Amino acid sequence: MVRILFVCHGNICRSPMAEFVMKDIVRRLGYEGFEIESCATSTEEIGNDTHYGTRNVLEKHGVPYRRRSARQMTCADYDRFDYIVAMDEMNLRNMRRFVNGDPEKKVSLLMEHAGERRGVVDPWYSGDFDVTFEDVLRGCSGLLDEILSGRSL
């Protein structure tokens with residue numbers, strides 16, 4: 001079982017987008033044995049469903065999603081997941097209290113898996129969910145390639 005956790009600030013835009021995109025990629029390729037979730041570093045959106053902009057762009061690209069509730073990351077997530085993937089540098093900083101220094105080197109930025117050291121564009125501020133989708137798709141595809149080839153972790 002490969003367990004992946006995507007993390008952003010509120011868990012309503014980027015991290016659920018990454019969760020559903022990765023689930024779709026894995027499903028389309030016929031892979032089993034993946035557990036994929038998402039969460040927030042903050043408490044601001046706890047209990048809220050995925051942002052309508054994220055839902056709209058997922059529908060536009062034929063990516064299935066389900067109703068869900070935003071949740072905050074916990075220290076137990078570090079033990080439970082193999083890959084903890086942040087959407088930007090601020091998320092990395094905010095995750096420090098949950099990952100205790102990342103002794104097992106599980107934490108990364110999503111765009112690192114696409115060969116770039118930068119954050120995923122935040123549609124909360126940009127309003128451009130299409131650009132965010134492209135970032136997420138590239139990052140998730142790169143992460144899956146690394147996992148399958150054994151280059152990661």
Side-chain angles (χ1 to χ4, degrees), residues 1-51 54 57-58 63-66 68-125 129 131-153:
M1 178 69 68
V2 176
R3 293 175 176 89
I4 304 168
L5 181 65
F6 293 104
V7 184
C8 70
H9 182 76
N11 191 218
I12 61 169
C13 295
R14 295 176 291 172
S15 61
M17 185 185 294
E19 173 187 345
F20 295 125
V21 165
M22 185 63 103
K23 285 178 177 177
D24 189 52
I25 292 170
V26 167
R27 180 189 58 80
R28 287 179 191 228
L29 293 174
Y31 293 114
E32 295 182 9
F34 281 81
E35 181 180 330
I36 303 163
E37 294 183 21
S38 64
C39 67
T41 58
S42 78
T43 60
E44 292 174 26
E45 299 288 345
I46 299 302
N48 291 335
D49 195 6
T50 303
H51 189 282
T54 294
V57 79
L58 292 173
V63 176
Y65 63 90
R66 62 172 174 70
R68 53 177 299 285
S69 295
R71 75 168 182 89
Q72 186 179 33
M73 187 176 191
T74 68
C75 293
D77 287 324
Y78 190 80
D79 293 328
R80 182 170 163 225
F81 289 93
D82 305 307
Y83 300 88
I84 301 173
V85 185
M87 297 298 116
D88 63 33
E89 292 282 347
M90 183 178 290
N91 304 144
L92 288 176
R93 284 190 300 276
N94 293 339
M95 286 169 44
R96 285 186 190 143
R97 67 182 182 247
F98 303 114
V99 302
N100 195 25
D102 189 24
E104 296 179 44
K105 306 294 181 220
K106 296 180 178 188
V107 176
S108 63
L109 279 173
L110 182 60
M111 293 310 294
E112 288 176 328
H113 303 286
E116 299 178 45
R117 179 71 185 182
R118 67 172 179 87
V120 172
V121 173
D122 190 343
W124 183 261
Y125 299 105
F129 286 82
V131 169
T132 302
F133 182 85
E134 293 304 319
D135 278 355
V136 165
L137 182 60
R138 288 179 42 241
C140 286
S141 296
L143 175 60
L144 183 60
D145 287 346
E146 290 175 24
I147 291 168
L148 295 176
S149 70
R151 290 191 313 259
S152 193
L153 196 70

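Please read all numbers here as calculations on a predicted model, not as lab measurements.
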dist Phe6:CZ -> Leu143:CG (nearest 0.5 Å) comes out at 5.5 Å

Nearest heavy-atom contact between Ala70 and Ile12 is CB-CG2, 4.1 Å

query = Quick one: are Leu109 and Arg117 in side-chain contact, heavy atoms under 4.5 Å?
reply = yes

Quiz prompt | Parallel, tilted or perpendicular, as decided by the 30° and 60° cut-offs, for the rings of His51 and Trp124 | solution = perpendicular

| task | Side-chain contact test, heavy atoms from C-beta onward, threshold under 4.5 Å: evaluate it for Arg80 versus Thr74 and give yes or no. | result | no

Checking Asp88, Thr54, Thr132 against Arg14 for side-chain hydrogen bond (donor to acceptor under 3.5 Å, both in side chains), the one that qualifies is Asp88

Heavy atoms of His9 and Ala40 approach each other most closely as O-CB, 3.1 Å

Residues Gly47 and Ser69: closest non-hydrogen pair is O-OG, 3.6 Å

Given side chains that start at C-beta, do those of Phe20 and Ile36 come closer than 4.5 Å, heavy atoms only? no

Could Arg138 and Glu134 be called an ion pair, given the rule that one side-chain N must be under 4.0 Å from one carboxylate O? no

CG of Leu144 to NE2 of His113, rounded to nearest 0.5 Å, is 11.5 Å

* Report yes if some heavy atom in the side chain of Val7 is under 4.5 Å from a heavy atom in the side chain of Phe98; otherwise report no. => no

Residues passing the side-chain hydrogen bond (donor to acceptor under 3.5 Å, both in side chains) test with Arg97, sequence neighbours excluded, are none

* Asked: Within the side chain of Asp49, is there an N or O that forms a donor-acceptor pair under 3.5 Å with the backbone of Arg68?
  -> yes

Worksheet item: Should Ile147 and Tyr83 count as side-chain neighbours, where that means a heavy-atom distance under 4.5 Å?
Response: yes

- Give a yes or no on this: more than 12 heavy atoms of other residues, nucleotides or ligands lie within 6.0 Å of atom CG of Asp79. yes

Open item on the list: Checking side-chain polar atoms at under 3.5 Å, does Tyr78 have a donor or acceptor matched by the opposite partner on Asp102?
Closed with: yes

In this structure, CG of Asn11 is separated from CD1 of Ile46 (nearest 0.5 Å) by 7.0 Å

In short, Ile25 meets Ser141 closest at the heavy-atom pair CD1-OG, 3.8 Å

When rounded to the nearest 0.5 Å, the distance separating NZ of Lys23 from SG of Cys140 is 12.0 Å

Between the CD atom in Glu32 and the CE atom in Met1, the distance rounded to the nearest 0.5 Å is 9.5 Å

Beyond-backbone contact of Pro64 with Arg27, side-chain heavy atoms, under 4.5 angstrom:
yes

Quick one: are Cys39 and Leu5 in side-chain contact, heavy atoms under 4.5 Å?
yes

Separation between CG (Asp135) and CD (Glu116), nearest 0.5 Å, reads 7.0 Å

Given the options Arg3, Arg71, Gln72, Asp77 meets side-chain hydrogen bond (donor to acceptor under 3.5 Å, both in side chains) only with Arg71

